[in-house]
Amino acid sequence: MTTAPAAAPRDLAAPSEQELVERARAMREELLARQEEAERLTHIPPDIHEKFLANRFYDMFVPKTYGGLETSPQTFFEVCKELARGDMGSAWCFALAANHALHVASWYPKEVQDRAFGNGDFRAASVSAPTVKARRTEGGYILNGVVDYCSGIPYSTWYLGQCMVEQQDGSAPVMGMFLAPEKAFERLHNWGDSTGLKATGSESIRFTDAFVEADLVIEDANMIDIPVKDGTVGSELHGNPMYAGRGLLTFTVSLASLAVGGLYHALDEFERLMRTRKTPLPPVQPRLYDVDYQRHYGAAWTKIKTAELALDGVIAKHLEYCRATVDGSREYTFLDDWSLACVVREIIVQLWETLEHDLLRVIGSGSMRQGERFDRIFRDMTSLVTHRNPMLREQAFRNTACLLLEIPSPEAR
């Protein structure tokens, strides 16, 4: 019999934003040491989750009104990078359960936020695909359907998703957004056979005649196109413009921040091998003093730092748009959100290319054996670059052109 680890005491004091980043950095070595365990479990080990709770990482986007930390997006994504530098899979499992507090606090009315955040225990996986059907009933809706790839669901207390709401007059269903407590869905425990990102807890969930109250469903709402002109419910309720943002960009930034951390992890491993292994060909010497290995290291560092600074710039632009839409100086438009997400998508692709071109080709086959650190980061990045979001790249290019040129998109013709 195994005994569940004791929960770490929660730090009820509000840490500074720099302290949060330092706490994440301090956990990198432990996450690195427990990568294999996290993959085997297919999610963050329970005691690591308890440490995340104790460090208040899950509270970063929760409003101060409800005892949260209400930290800036810059800090949240910096924490994600630091955790991913230890283990990208575990960081993914955390990030995609923690980041959706931002959306719930932005778009849902106070009564729903009271319920979601009121007990200080909010985490929510989310998927934008509307694979759930919703039917109106007295006092709410009945939900049925299966949702795949719910990253972070093992520790989620809620689920934020999209549904198709059946119309009583027989007309076409209308897309809606819904928030469901964990008692409303069943976890299917079907994650772990992917090539990489095995520790992300990206299980499927099933709704079977699940009832949710009426105010948890917002009809005619698409998470990637929530209008924010003149601010949102959340920006007014909490007096913070960071709750006036759209949804597509912040999700894409979540993935990119994990990729930046993952590539720094790869560079850390490349450096370790430079210091401990020799060149494969004469003159045989430590890789650390070989001009070609030095060049590969320098090229990779420069490209990762470029990606990191570009991501910081996008986050700053996002916050600029949030502030502007609240003060009425300009609207945060769909084009703003969509085009910035395209930029972030390029960051992800370029990081993949940096791994492939500057590090992987010279790392050596011995570092790609199953269970080696480089094997894991390669598998994780392979799964990221084939994720649905990066796969939208070509379509996103076309749609961006149509939006910029103010012509109908191919899909609309």
Side-chain angles (χ1 to χ4, degrees), residues 31-32 35 39 77-78 80-93 95-96 149 151 194-200 202 248-273 293 295-315 338-365 367-370 372-398 400:
L31 293 174
L32 177 61
Q35 286 181 314
E39 281 200 344
F77 294 119
E78 192 67 30
C80 290
K81 284 188 286 186
E82 290 294 341
L83 295 177
R85 195 164 179 169
D87 179 33
M88 189 173 166
S90 294
W92 185 298
C93 188
L96 272 67
Y149 299 106
S151 299
S194 61
T195 298
L197 296 176
K198 294 176 180 289
T200 60
S202 303
L248 178 61
L249 175 64
T250 50
F251 172 70
T252 312
V253 169
S254 295
L255 303 187
S257 67
L258 298 168
V260 170
L263 260 291
Y264 273 125
H265 176 187
L267 192 65
D268 291 340
E269 177 63 3
F270 193 85
E271 178 184 351
R272 186 185 73 83
L273 295 172
Y293 279 95
R295 178 173 54 82
H296 286 296
Y297 182 92
W301 182 92
T302 300
K303 293 173 185 179
I304 299 167
K305 178 58 69 172
T306 300
E308 183 177 29
L309 293 175
L311 188 62
D312 289 345
V314 169
I315 296 169
W338 185 268
S339 58
L340 285 179
C342 283
V343 173
V344 177
R345 201 172 287 114
E346 287 307 291
I347 291 172
I348 294 172
V349 172
Q350 290 173 27
L351 287 167
W352 162 255
E353 292 173 349
T354 298
L355 177 69
E356 182 183 17
H357 297 159
D358 296 300
L359 300 177
L360 182 63
R361 293 182 181 183
V362 294
I363 198 68
S365 59
S367 299
M368 292 301 294
R369 293 191 181 97
Q370 186 174 354
E372 293 287 336
R373 294 178 186 177
F374 226 89
D375 162 66
R376 183 171 287 106
I377 189 58
F378 170 72
R379 289 188 288 104
D380 285 349
M381 284 297 294
T382 299
S383 294
L384 171 54
V385 82
T386 55
H387 183 277
R388 181 186 180 194
N389 189 298
M391 283 180 63
L392 291 174
R393 185 188 192 198
E394 298 301 321
Q395 178 185 343
F397 285 158
R398 294 193 302 271
T400 299

Results of salt bridge (Lys or Arg N to Asp or Glu O under 4.0 Å) for Glu346 - residues two or more places apart only: Arg393
Side chain to side chain contact (heavy atoms under 4.5 Å, CB included), paired with Arg376, selected from Gln35, Met88, Met381, His265: Gln35
Heavy-atom side-chain contact between Arg369 and Asp375 under 4.5 Å: no
Those residues that, when tested against Glu356, pass salt bridge (Lys or Arg N to Asp or Glu O under 4.0 Å) (two or more places apart): none
Heavy-atom neighbours of Met368 CE exceed 12 at 6.0 Å: yes
Among Val314, Val343, Leu340, Val344, side chain to side chain contact (heavy atoms under 4.5 Å, CB included) partner for Thr252: Val344
Short side-chain to backbone donor-acceptor contact, Asp380 and Leu197, under 3.5 Å: yes
Partner residues of Thr250 under the side-chain contact (heavy atoms from CB on, under 4.5 Å) criterion, sequence neighbours left out: Leu102, His103, His318
Pairs flagged by salt bridge (charged side-chain N to carboxylate O under 4.0 Å, His left out) wherever residues 255-270 is involved - sequence neighbours left out: Arg85-Asp268, Glu269-Arg272, Glu269-Arg373
Residue among Leu384, Leu311, Val260 satisfying side chain to side chain contact (heavy atoms under 4.5 Å, CB included) with Ile348: Leu384
Beyond-backbone contact of Leu263 with Trp352, side-chain heavy atoms, under 4.5 angstrom: no
Contact check, side chains of Phe270 and Val362, non-hydrogen atoms, under 4.5 Å: yes
Closest non-hydrogen atom pair between Thr400 and Cys342, with its separation: OG1-SG, 3.2 Å
Partner residues of Glu78 under the salt bridge (Lys or Arg N to Asp or Glu O under 4.0 Å) criterion, sequence neighbours left out: Lys81
Contacts of type side-chain contact (heavy atoms from CB on, under 4.5 Å), residue Ala307, not counting sequence neighbours: Ile347, Leu351
